[in-house]
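Comments concern the structure below.
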Amino acid sequence: MATMGPSRVEVISLLRSLLRTAAKFPDYNIREYARRRTIDGFREKRGLSDASSIAEAFAEGKSQLEVAKRQAVVYSLYAPKVKSIMEIKSL
């Protein structure tokens, strides 16, 4: 029996979950790195057509989501007291 890959809706849901988790990082540099890495990873895997490689990439994305969620919690415990210059709103 052939392995069924994730549906388009599941892949988009994973992308959105990773981006939401990236937005939870308190530090600007880490937040932007996680966001950029998520987008680059999805663009890199865009051309996959084999169901097994798509399922493997999806499983890797799910594990990265769990890691990102744990890291966001840890980073929030040790968040910097001073905002980055990139986060300060100009008048």
State which residues pass ring pair (Phe, Tyr, Trp, His ring centres under 6.0 Å) with Tyr75; sequence neighbours excluded, sorted by chain then number.
-> Phe25
Residues which pass side-chain hydrogen bond (donor to acceptor under 3.5 Å, both in side chains) with Glu56, listed by chain and number, not counting sequence neighbours = none
Shortest non-hydrogen contact from Ala72 toward Lys24 | CB-CB, 4.4 Å
How would you list, by chain and number, every residue that makes a side-chain contact (heavy atoms from CB on, under 4.5 Å) with Lys69, sequence neighbours excluded?
-> Thr21, Leu65, Glu66
Residues that Arg35 engages under side-chain contact (heavy atoms from CB on, under 4.5 Å), provided they are two or more places apart | Leu19, Ala22, Glu32, Ile39
Gln71 CD to Ser76 OG distance, which is reported to the nearest 0.5 Å | 10.5 Å
Do any N or O atoms from the side chain of Thr38 and from the backbone of Ala34 form a donor-acceptor pair under 3.5 angstrom?
-> yes
Would you name the heavy atoms of Arg31 and Pro26 that are closest together and state the gap between them?
-> NH1-O, 3.3 Å
Residue Arg16 excluded, over 12 heavy atoms near CZ under 6.0 Å = no
So how far is it from Leu14 CG to Glu60 CD, rounded to the nearest 0.5 Å?
-> 10.5 Å
Which pairs count as ring-ring contact (aromatic ring centres under 6.0 Å, His included) when at least one residue sits in residues 30-55, sequence neighbours excluded?
-> none
Non-neighbouring partners of Val73 that pass side-chain contact (heavy atoms from CB on, under 4.5 Å), sequence neighbours left out = none
Qualifying residues under side-chain hydrogen bond (donor to acceptor under 3.5 Å, both in side chains), relative to Asp50, sequence neighbours excluded | Ser52
Members sharing Val74's hydrophobic cluster (side chains within less than 4.5 Å) = Leu77, Tyr78
Check side-chain contact (heavy atoms from CB on, under 4.5 Å) between Glu10 and all other residues, then give those that pass, not counting sequence neighbours.
-> Pro6, Ser7, Phe58
In Å and rounded to the nearest 0.5 Å, what is the NZ to OG distance from Lys62 to Ser17?
-> 7.0 Å
Which residues, ordered by chain and number, are linked to Ile12 in its hydrophobic cluster, where ILVMFWY side chains connect at heavy-atom gaps below 4.5 Å, directly or through other members?
-> none
Under a side-chain separation threshold of 4.5 Å, the hydrophobic residues clustered together with Ile54 are Leu48
